[in-house]
S.K.: 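Sharing a structure with you now.
Proteins come first, then strands; the chains are lettered A, B, ... in the order of their sequence lines, and each starts at number 1.
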Protein chains: 2
Amino acid sequence: MARPQLRPTDAELAILRVLWERGASTVRQVHEALADTRETGYTTTLKLMQIMADKGLVTRNETARTHVYSAIAGEEQTQHQLVRDLVDRAFGGSAAQLVLRALSADGTTDAELREIRKLIDDYREKR
Amino acid sequence: MARPQLRPTDAELAILRVLWERGASTVRQVHEALADTRETGYTTTLKLMQIMADKGLVTRNETARTHVYSAIAGEEQTQHQLVRDLVDRAFGGSAAQLVLRALSADGTTDAELREIRKLIDDYREKR
DNA sequence: TGACATCTACGAATGATTTCGTATAGTCTC
DNA sequence: GAGACTATACGAAATCATTCGTAGATGTCA
């Protein structure tokens, strides 16, 4: 284990997403969940998850022969960190600009826009 | 020059941001603009910009001995692409979720929240 | 012209990321 | 228990991103 809180790489993020969705999982389970999108061998997934354990992105329970992995940071926390990172790197620190670009993404439906607006109102009230 | 539209790396994005702000610039100008944040040698910046020209991220005018570089993709287009990429990799395609995380970023001021809300209203009207 | 500064080109080292093959050991079934 | 299956560990290759040093060409100016 080493430094915590490092931007996860692409491959690591894909694995984290499986762990967030499924909860604690074995390498086999993660690998199968990724099979749709990735075409890599089992040992590749294994190696990545071992590295992630070294980095402190996941923990594993080694009680049984088949180890069981869990994400350490939660989904929200990691997403938050990734957004902040992108805001800093590409938007000069302006979250509003990022939101603007997000809105102009093709897939944004009107329902989604209303949802976002509601989120903002809720959020402002909480302050 | 090779494949266009590739996610720019961190160092590349920093250079692009200078080119967007200053417009067409020499390596020297870019390097000096980056001097505040980066502590790398001149030839590092040069090499990066040469690579970016290979990748098709920038073009350069070689008429004069001192080449003049320009970003090919605009700031908006690149930001859009980066956001979309992050939405896909970390938010399962939901731009709304990304916006939610952006809002809970520490630095988001109330003024910014109002601004974002206004952006959404404007954007909905445009539809 | 000669000394010096500045520019590009390019090779190469380094470190991180991703990938896989092989070795080794535990488990299961007949 | 033998053979098949499945797991971890680990070394190593391939690729990419970043960094810099050096060489050689060009420009400046006293």
S.K.: Between A:Leu13 (CG) and C:dT17 (C1'), how many Å, whole number?
M.R.: 14 Å
S.K.: Side chain of A:Arg60 only, please: which of C:dT18, D:dA9, C:dA9 is the nearest?
M.R.: D:dA9
S.K.: Taking CD in B:Glu39 as the centre, count heavy atoms belonging to other residues, nucleotides or ligands within less than 6.0 Å. Is the count above 12?
M.R.: no
S.K.: What heavy-atom pair brings B:Glu12 and B:Thr9 nearest, and what distance separates the two atoms?
M.R.: OE1-N, 2.9 Å
S.K.: Given atom CD of A:Glu62 and atom C1' of D:dA9, what is their separation to the nearest angstrom?
M.R.: 11 Å
S.K.: Starting at atom NZ of B:Lys47, determine the distance to atom C1' of D:dC16, rounded to an integer number of angstrom.
M.R.: 13 Å
S.K.: Do side-chain atoms of B:His31 reach the backbone of B:Thr44 as a donor and acceptor pair under 3.5 angstrom?
M.R.: no
S.K.: At a heavy-atom distance below 4.0 Å, what parts of residues 36-44 of chain B sit against DNA chain D?
M.R.: B:Arg38, B:Thr40, B:Gly41, B:Thr43, B:Thr44
S.K.: Testing A:Glu32, A:His67, A:Arg60, A:Met49 one by one against A:Val27 for a side chain to side chain contact (heavy atoms under 4.5 Å, CB included), which residue passes?
M.R.: A:Met49
S.K.: Rounding to a whole Å, what distance do you find between A:Gln50:CD and C:dT17:P?
M.R.: 16 Å
S.K.: Rounding to a whole Å, what distance do you find between B:Met49:CE and D:dA17:P?
M.R.: 17 Å
S.K.: For the side chain of B:Arg17 and the backbone of A:Ala90, is there at least one donor-acceptor N/O pair under 3.5 Å apart?
M.R.: yes
S.K.: Check this one for me: any side-chain N or O of A:Thr66 less than 4.0 Å away from OP1 or OP2 of D:dT6?
M.R.: no
S.K.: If you round to the nearest 0.5 Å, how far is OG1 of B:Thr40 from NZ of B:Lys47?
M.R.: 14.5 Å
S.K.: Could you tell me the separation between the CE atom of B:Met52 and the CG atom of B:Leu13, rounded to the nearest 0.5 Å?
M.R.: 8.5 Å
S.K.: To the nearest Å, give me how far apart CG (B:Leu46) and C1' (D:dT18) are.
M.R.: 14 Å
S.K.: With a 4.0 Å limit, can you tell me whether B:Arg65 has a side-chain N or O closer than that to the phosphate oxygens OP1/OP2 of C:dT6?
M.R.: no
S.K.: Using atom CZ of B:Arg7 as one end and atom C1' of C:dT17 as the other, report the distance to the nearest whole Å.
M.R.: 12 Å
S.K.: Measure the spacing between CD of A:Gln97 and CZ of A:Arg101 and express it to the nearest 0.5 Å.
M.R.: 5.5 Å
S.K.: What is the distance from CD1 of B:Ile15 to C1' of D:dA17, rounded to the nearest Å?
M.R.: 12 Å
S.K.: What's the spacing between B:Gln77 CD and B:Leu82 CG if we round to 0.5 Å?
M.R.: 10.5 Å
S.K.: Taking DNA chain D as the partner, which of residues 16-23 of chain A come within under 4.0 angstrom of it by heavy atom?
M.R.: none
